[in-house]
Structure formats: C-alpha cells, structure tokens
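Everything on this sheet refers to the single structure shown next.
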Amino acid sequence: MNEPEWQECLRQMDQNEAFIRAWEPAAPAPAAARCVHSRHRTLAHLRACQETWLSACIAFDEKPNPRLKLLHPWKLFEQKSYEQLPWDEHFVVFMADRVRWKTLLQSADRQKTGKINGTEHSIESLTARLVSHEHHHLFTPR
C-alpha cells in the first residue's frame, strides 16, 4: 500500500468509527440470524473481528514473524455468546480496542508480518482488512 492509500485507509477507519459511535443502542435480537438483521449483532460481529485481528497486530509488533493459531471471528462470537451480551458491553470493548489499534498504528511498523493459521499477514494488511470489512457491514445496502 502506498502512502496515499494508507492515509485513505486510516481516514476510512475513522469514518467507520464515527458511524458506529452515532448508532443508537440496540438490544440483542434472538431471532436475528445474520448481521443485516440486527444492529446489535453487527456491533458484536465487528467487535469479534477487531479483537481477533488486533491481537494478531499486537503479536506481530512484539515478536518477529510469529505463527499464530486464532479462532475465526465467528467462532469467537459463538464461543463467547456475543449475540446475548448487552450493547453497552460490546460498545465499550469495541471503542477501547479501537483506541488500542490506533495507538499501535502510531508506533508500530505497519509492514511487520506474521502468520495466522498458516496465512501471512501484516499489520497493514489486517488494518486494511478490518476497514474494508467494517465498511462492508456498515455501508453496503442489502
């Protein structure tokens, strides 16, 4: 990613965050099978994605080329019963992790890499993945 593309990624990250901050709280929706059916479920899913990929970014920053075994975000979502947790809990953790991610980006070399479940990623690629994934859930009409 060249510098203008990176700056656009960071701008989009901020835009996604602002959009989520503006959401009205929503109660868990037990009948919601997918994110599109529930704002609560969407926030919970985005929290699981951010948690998973942030943990990898932190590991990449701390140790050269780590090889990580991580749960897929949907598995994390299911194991921790995120569909049942209150909105406020998801929101607080999501925002705290967003601060941690942005703080990491201020000091880390975004080119640092490692493997997640056998596939190579970098801090930069995971940041771009997060931003793109959030954008898909937040702004793609369904």
Side-chain angles (χ1 to χ4, degrees), residues 1-29 32-142:
M1 199 179 280
N2 63 35
E3 192 58 29
E5 291 169 333
W6 177 246
Q7 291 306 314
E8 177 58 23
C9 179
L10 297 178
R11 188 197 65 72
Q12 184 66 57
M13 185 182 214
D14 289 340
Q15 182 181 351
N16 294 351
E17 178 185 336
F19 190 83
I20 292 167
R21 281 185 185 278
W23 272 350
E24 291 294 320
R34 297 178 41 124
C35 290
V36 70
H37 301 139
S38 160
R39 192 173 345 106
H40 176 275
R41 192 174 180 90
T42 300
L43 178 61
H45 171 67
L46 295 178
R47 172 190 174 183
C49 293
Q50 184 169 254
E51 282 180 31
T52 300
W53 300 332
L54 174 60
S55 69
C57 288
I58 291 168
F60 295 173
D61 188 49
E62 291 176 344
K63 178 181 168 191
N65 300 307
R67 296 173 178 263
L68 309 172
K69 292 284 187 194
L70 297 178
L71 284 178
H72 187 279
W74 274 121
K75 293 281 188 194
L76 178 68
F77 179 98
E78 291 169 356
Q79 276 193 359
K80 293 191 173 186
S81 301
Y82 278 3
E83 74 279 2
Q84 298 173 19
L85 298 178
W87 174 273
D88 289 345
E89 182 175 336
H90 288 309
F91 187 80
V92 166
V93 172
F94 180 89
M95 290 303 163
D97 282 349
R98 181 53 61 99
V99 168
R100 289 176 62 209
W101 196 309
K102 290 165 97 174
T103 300
L104 176 74
L105 293 177
Q106 291 174 0
S107 61
D109 174 358
R110 70 183 199 238
Q111 302 303 321
K112 286 186 175 180
T113 63
K115 289 191 175 183
I116 302 172
N117 303 333
T119 303
E120 187 158 325
H121 297 276
S122 66
I123 293 172
E124 178 183 82
S125 72
L126 288 175
T127 302
R129 182 178 184 182
L130 174 79
V131 169
S132 172
H133 190 74
E134 287 176 347
H135 190 271
H136 169 77
H137 281 285
L138 301 176
F139 302 110
T140 303
R142 300 176 200 207

Taking only residues two or more places apart in sequence, or in another chain, which ones meet [X] in a salt bridge (Lys or Arg N to Asp or Glu O under 4.0 Å)?
X      : value
Arg129 : none
Arg67  : none
Asp109 : none
Arg98  : Glu134

Item to check | Arg47 backbone acceptor or donor facing Asp97 side chain under 3.5 Å | outcome: no

Next on the checklist: Checking Gln15 against Arg11: is there a side-chain donor and acceptor pair closer than 3.5 Å?
Outcome noted: yes

In Å, rounded to the nearest 0.5 Å, how long is the span from [atom1] of [X] to [atom2] of [Y]?
X      : Y      : atom1 : atom2 : value
Asn16  : His136 : CG    : NE2   : 12.5 Å
Ile123 : Leu104 : CD1   : CG    : 5.0 Å
Ser55  : Arg100 : OG    : CZ    : 9.0 Å
Leu10  : Trp6   : CG    : CH2   : 5.0 Å
His121 : Leu68  : NE2   : CG    : 9.5 Å
Trp23  : Thr42  : CH2   : OG1   : 5.0 Å

Do any side-chain atoms of residues 74-87 form donor-acceptor pairs under 3.5 angstrom with protein atoms, and if so which ones, sequence neighbours left out?
| residue | atom | partner | partner atom | Å |
| --- | --- | --- | --- | --- |
| Tyr82 | OH | Glu51 | OE1 | 2.9 |
| Tyr82 | OH | Glu51 | OE2 | 2.8 |

Run the side-chain donor-acceptor check on residues 56-66: report pairs under 3.5 Å with partners two or more places apart or on a different chain.
| residue | atom | partner | partner atom | Å |
| --- | --- | --- | --- | --- |
| Asp61 | OD1 | Lys112 | NZ | 3.3 |
| Asn65 | OD1 | Thr113 | OG1 | 2.8 |

Could you list the residues that satisfy side chain to side chain donor-acceptor pair (under 3.5 Å) with [X], not counting sequence neighbours?
X      : answer
Glu89  : none
His133 : His45, His137
Asn117 : none
Gln106 : none

Item to check | Contacts of type ring-ring contact (aromatic ring centres under 6.0 Å, His included), residue His37, not counting sequence neighbours | outcome: none

Next on the checklist: Restricting to non-hydrogen atoms, name the atom on Ala128 and the atom on Cys9 that form the minimum distance, rounded to 0.1 Å.
Outcome noted: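 Scanning both residues, the minimum pair turns out to be CA-SG, 3.8 Å.
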
Item to check | salt bridge (Lys or Arg N to Asp or Glu O under 4.0 Å) contacts touching residues 12-27 (sequence neighbours left out) | outcome: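 Passing the test, one end in residues 12-27: Asp14-Lys102, Glu17-Arg21, Glu17-Lys102.
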
Checklist entry - For the rings on Phe94 and His90, is their centre-to-centre separation under 6.0 Å? => result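 No: the rings miss the under 6.0 Å criterion.
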
Checklist entry - Can you find a pair of side-chain heavy atoms, one from Leu138 and one from Leu46, that are under 4.5 Å apart? => result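 SC-SC contact between Leu138 and Leu46 confirmed.
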
Checklist entry - For Leu126 and Ile116, what are the C-alpha separation, side-chain angles and deciding distance, and is it a side-chain contact (heavy atoms from CB on, under 4.5 Å)? => result CA-CA 11 Å; Leu126 288 175; Ile116 302 172; 3.8 Å; yes

Next on the checklist: Using side-chain contact (heavy atoms from CB on, under 4.5 Å), reason through Leu70 and Trp53 one step at a time and then give a plain yes or no.
Outcome noted: CA-CA 9 Å; Leu70 297 178; Trp53 300 332; 5.9 Å; no

